[in-house]
K.L.:
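Below you will find the structure I want to go over with you.
One-based numbering, in listed order, for ligands and for the atoms of each. Note that the structure is predicted; figures quoted are calculated from it, not measured. Residue indices begin at 1 and follow the sequence shown.
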Amino acid sequence: MKSVIVGTAGHIDHGKTSLVKALTGIDADRLEEEKRRGITIDIGFAHLELTAPNAERLRLGFVDVPGHERFVRNMLAGVGGIDLVVLVIAADEGIKPQTREHFDICRLLALQHGITVLTKSDAVDAETLDVVRMEVADFLKGSFLDPSRSPIIAASSLTGAGLDDVKKALAEVASKAQSKDANALARLPVDRVFTMKGFGTVVTGTLVSGTIRKEEELEIFPSGNRARVRGVQVHGQASGSATAGQRTALNLASVPTEDLERGVILAPASTFHSTSRIDVKLSLLASAKPLKDGARIHFHSYTMETIAEVRLYGTNQLNPGEDAFAHLRLSSPNLLLPGDRFILRQFSPVVTIGGGLILDAASPRKKREPDEAIQFLQLMLTAAPHEVLAARVARMTDQGLPLAEVSAEMNLRREQAEPLATKASLVRAGDTLISQVSFAEVMTRLTSTLAKFHDANPLVAGMKKEELRERLHLGPDVFAAALAYAIKEKKLALAGEHVHLAGRGVVMKDEEAESKKIIEQAFHSAGLKVPSLNEVLANLKVDRPRAQKIVTLLLRDKVLVKLSDELVFHQSALANLRQKISALKTTTPRIDVAQFKDMTGVSRKYAIPLLEYLDREHVTRRIGDARIIL
Ligand SMILES: Nc1nc2c(ncn2[C@@H]2O[C@H](COP(=O)(O)OP(=O)(O)OP(=O)(O)O)[C@@H](O)[C@H]2O)c(=O)[nH]1
Ligand SMILES: [Mg+2]
């Protein structure tokens, strides 16, 4: 059965709630104060099943809104998720201020379907009804409710006249209206929160996309806290799941109620991010005052509202009836996505002045030239999805865009994002997408960084992988892909953990590697009583120049430490010495050369350079012929 959400709209007292009741039998005015005052204050709900002309069964969920000018913000909380509108105009009053304001809101939300009902037809004569009908037809001309494509029906909730025509027309438009996408990622903007005895926390809302199942874990925006769905109700009936286009109630487990209020949004956990910076296409109503750059306004989207600051791109002022690209900075963040519609109301006095379409909810922090921003947003507005993806990936340059972020930015499932990435000819670096241009730049930087390194370090095998990645400021995915590609292309090669340019770097042959081990071992086991370097080198399999090269490498890597031309120590021997001398501090704070010789067993020839080394290392300080231990 197709589920469609129908909203009412129209001036106060024009008969919206009465019409909903006459059609559905349900009184949508649920508050005691509403019943007492005879007006609607907050949104109310009802439902009706109908059969479409093509015999399709339809379930209409009604959201009845208040007409009072002071409750437009409640009207906005209800109208965000509707698929079609019933514009209600009382035949005895005609078009009034909130007829216009509600209708403006419907147009700004880009509603495509609806009908117009002239209520209280019993209260006027046929002639008056004709005049009102003409006035209304004129008012609707050129809009989505233009009389040529959408009926204007006179009806009376009191006598029942015209109600069948209203139902018939509703069934017809409802069957034409496009269903919300039940396969998309779920979003439930919450319009009511209450606790039920023995039941716990319940939230309700119009499920604007996707499907929510019992036992699912949802994330609450903007708090980021999690909630488990303990139960689902659709139009008051328990159900295993709710699908897009249904009035939905969820019984939530493990949620602090202070986390929940009208305006929060529930969505699958770990999928989206809250944002307070959005780029939009904004339209100013012809009836509004000019909107200046930097103006503060009230921002409404779905059930949320907040204050926002408008930054116009490329202009200082937007004139009535005009459009512009703009950046909105919201005073409280929430989950908003490209394609979402919003309404702007003047800061004070509070009247509806415009609205628009969100194009980018992942707007970069870094300052851009207005032209650059405008060009990007124009593309977001008009380009095909794979081009939009390409532009979003390109702006991330060499950082690339992880697939998880594609989901968050574009409101796509991974299965939808992957084919787009292929179509956009993007480079796939693990789970990250990067443009071909950026990837080529990474390759250039990779080889030039290594070339520089080799020039500066002719005797080193190459750069450590991690060091190279950090030097290039790359994420792990992009770095790994670039490295793998460069190796495949034989531009680079790996030697253990070291990366070097093909044909560069120091490559040890077997006997060299063995000699290196022998040298290291000789010095390591000698401790402080080191052999002469000549002696060690003479016993190696490799020739003298190559042996010298190996020693240079060991010195560079700080495995060996040179204290004078003839004296070379293993770093571990020196470390031991430093430790041993430091440990003496409490018992023998002062030592002379003789004591040092006794203690270490080295000759004077070794003792002096070693003590000078300790002075340099700030382990000791020379005073006359003695040393104090620091
Ligand atoms: N004669 C006549 N009176 C009607 C009709 N429909 C509604 N009324 C009366 O008009 C008044 C307002 O009706 P509501 O249905 O509450 O109007 P509303 O548009 O819901 O008002 P708000 O929600 O406050 O904006 C009530 O006193 C109704 O009895 C009708 O078809 N004929
Ligand atoms: Mg009402």
K.L.:
Any atoms of ligand 1 less than 4.0 Å from a non-hydrogen atom of Asp122? List them with their elements.
P.N.:
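In order of number, 1 (N), 2 (C), 30 (C), 31 (O), 32 (N).
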K.L.:
In sequence, state the C-alpha distance, the side-chain angles, and the governing distance for Thr211 and Thr243, and then conclude on side-chain hydrogen bond (donor to acceptor under 3.5 Å, both in side chains).
P.N.:
CA-CA 4 Å; Thr211 301; Thr243 55; 5.7 Å; no
K.L.:
Please state which protein non-hydrogen atom is closest to atom 18 (P) of ligand 1 and give its distance, to 0.1 Å?
P.N.:
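Closest protein heavy atom to atom 18 (P) of ligand 1: Lys16 N, 3.4 Å.
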K.L.:
Report the nearest protein non-hydrogen atom to atom 23 (O) of ligand 1: residue, atom name, distance rounded to 0.1 Å.
P.N.:
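Checking every protein heavy atom, the shortest distance to atom 23 (O) of ligand 1 gives Thr40 OG1, 2.6 Å.
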K.L.:
Using a strict 4.0 Å threshold on nitrogen-to-oxygen distance, state whether Glu49 and Arg57 make a salt bridge.
P.N.:
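Yes, charged N to carboxylate O under 4.0 Å.
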K.L.:
Numbering the atoms of ligand 1 from 1, which are under 4.0 Å from a heavy atom of Leu158?
P.N.:
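Atoms satisfying the 4.0 Å criterion: 1 (N), 30 (C), 31 (O), 32 (N).
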K.L.:
In terms of side-chain geometry, is the basic nitrogen of Asp27 or Lys35 positioned less than 4.0 Å from the acidic oxygen of its partner?
P.N.:
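Judged by the 4.0 Å cut-off on N to carboxylate O distance, Asp27 and Lys35 do form a salt bridge.
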K.L.:
Which residue holds the protein heavy atom closest to atom 31 (O) of ligand 1, what is that atom called, and what is the gap in Å?
P.N.:
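So the nearest neighbour among protein heavy atoms is Ser157 N, 2.8 Å.
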K.L.:
Among His14, Lys120, Arg37, whose heavy atom sits nearest atom 30 (C) of ligand 1?
P.N.:
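When every heavy atom of His14, Lys120, Arg37 is considered, Lys120 comes closest to atom 30 (C) of ligand 1.
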K.L.:
Below the 3.5 angstrom mark, is there an N/O of Ala123, backbone or side chain, next to an N/O of ligand 1?
P.N.:
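Looking only at distances, the answer is no, because the N/O contact criterion of under 3.5 Å is not met.
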K.L.:
Angle at the Mg ion (ligand 2) between OG1 of Thr17 and OG1 of Thr40, to 10°?
P.N.:
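If I round to 10°, I get 100°.
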K.L.:
What atoms of ligand 1 come closer than 4.0 angstrom to any heavy atom of Ile39?
P.N.:
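Heavy-atom distances to Ile39 below 4.0 Å select 24 (O).
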K.L.:
Starting from atom 16 (O) of ligand 1, which protein heavy atom do you reach first, and at what distance in Å?
P.N.:
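For this ligand atom, the closest protein heavy atom is Gly38 O, 4.0 Å.
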K.L.:
Mark whether atom 26 (C) of ligand 1 lies under 4.0 angstrom from at least one protein heavy atom.
P.N.:
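No; the ligand atom in question lacks any protein heavy-atom contact below 4.0 Å.
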K.L.:
Tell me if a side-chain donor or acceptor on Glu216 pairs with a main-chain N or O of Arg213 at a distance below 3.5 Å.
P.N.:
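Side chain of Glu216 to backbone of Arg213: a pair is present.
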K.L.:
Salt bridge or not between Arg368 and Asp279? Use side-chain N to carboxylate O under 4.0 Å.
P.N.:
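So Arg368 pairs with Asp279 through a salt bridge.
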K.L.:
Can Asp83 and Lys176 be counted as an ion pair, charged N to O under 4.0 angstrom?
P.N.:
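Salt bridge between Asp83 and Lys176, a charged N being under 4.0 Å from a carboxylate O: no.
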K.L.:
Which protein heavy atom lies closest to atom 17 (O) of ligand 1, and at what distance to 0.1 Å?
P.N.:
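Here the nearest protein heavy atom works out to Gly15 N, 3.1 Å.
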K.L.:
Check the pair His47, Phe62 against ring pair (Phe, Tyr, Trp, His ring centres under 6.0 Å), reporting the backbone distance first and the verdict last.
P.N.:
CA-CA 6 Å; His47 49 88; Phe62 282 86; 9.2 Å; no
K.L.:
Could you say whether the N/O atoms of Leu19 and ligand 1 ever approach to under 3.5 Å?
P.N.:
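Min N/O separation from ligand 1 is not below 3.5 Å for Leu19.
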K.L.:
Does Thr119 reach ligand 1 with a nitrogen or oxygen that is under 3.5 Å from one of the ligand's nitrogen or oxygen atoms?
P.N.:
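No, since none of the N or O atoms of Thr119 sits under 3.5 Å from an N or O of ligand 1.
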K.L.:
Quick one: which ligand 1 atoms are inside 4.0 Å of a heavy atom on Ser18?
P.N.:
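In order of number, 6 (N), 7 (C), 13 (O), 14 (P), 15 (O), 28 (C).
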K.L.:
Are any of the side-chain nitrogens in Arg36 or Glu32 under 4.0 Å away from the carboxylate oxygens of its partner?
P.N.:
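Between Glu32 and Arg36 there is a salt bridge, with a charged N closer than 4.0 Å to a carboxylate O.
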K.L.:
Considering distance alone, does some N or O of Asp29 sit under 3.5 Å from an N or O of ligand 1?
P.N.:
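In fact, backbone or side chain, Asp29 has no N or O that close.
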K.L.:
State whether the shortest distance between N or O atoms of Ser121 and N or O atoms of ligand 1 falls below 3.5 angstrom.
P.N.:
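For ligand 1, there is no N or O atom that lies under 3.5 Å from one belonging to Ser121.
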K.L.:
Evaluate the side-chain hydrogen bond (donor to acceptor under 3.5 Å, both in side chains) criterion for residues Glu101 and Gln98: first the C-alpha distance (whole Å), next the side-chain angles of each, then the deciding distance (0.1 Å), finally the verdict.
P.N.:
CA-CA 5 Å; Glu101 187 169 14; Gln98 269 62 55; 3.0 Å; yes
K.L.:
Counting the benzene-type ring for Trp, do Tyr302 and Phe342 have ring centres under 6.0 Å apart?
P.N.:
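Centroid distance Tyr302-Phe342: not below 6.0 Å, so no.
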K.L.:
Strictly less than 4.0 Å: does any protein heavy-atom distance to atom 1 (N) of ligand 1 fall in that range?
P.N.:
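Given the 4.0 Å cut-off, atom 1 (N) of ligand 1 counts as touching protein heavy atoms.
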K.L.:
Dump the intermediate steps for side-chain contact (heavy atoms from CB on, under 4.5 Å) on Tyr313 and Phe376, then the final yes or no.
P.N.:
CA-CA 12 Å; Tyr313 283 121; Phe376 183 83; over 6 Å; no
K.L.:
Could you list the atoms of ligand 1 found under 4.0 angstrom from a heavy atom of Thr17?
P.N.:
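Close to Thr17: 15 (O), 18 (P), 20 (O), 23 (O).
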K.L.:
Any donor and acceptor pair, going by atom type alone, linking the side chain of Lys281 with main-chain N or O of Ala324 inside 3.5 Å?
P.N.:
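No: the side chain of Lys281 does not pair with the backbone of Ala324.
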K.L.:
For Asp13 and ligand 1, does the shortest N/O to N/O distance drop below 3.5 Å?
P.N.:
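Min N/O separation from ligand 1 is below 3.5 Å for Asp13.
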K.L.:
Using a strict 4.0 Å threshold on nitrogen-to-oxygen distance, state whether Asp259 and Arg226 make a salt bridge.
P.N.:
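Arg226 and Asp259: not salt-bridged.
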K.L.:
Under 4.0 Å from a heavy atom of Ile12: give me the atoms of ligand 1 that qualify, with their elements.
P.N.:
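Selected atoms, number and element: 24 (O), 25 (O).
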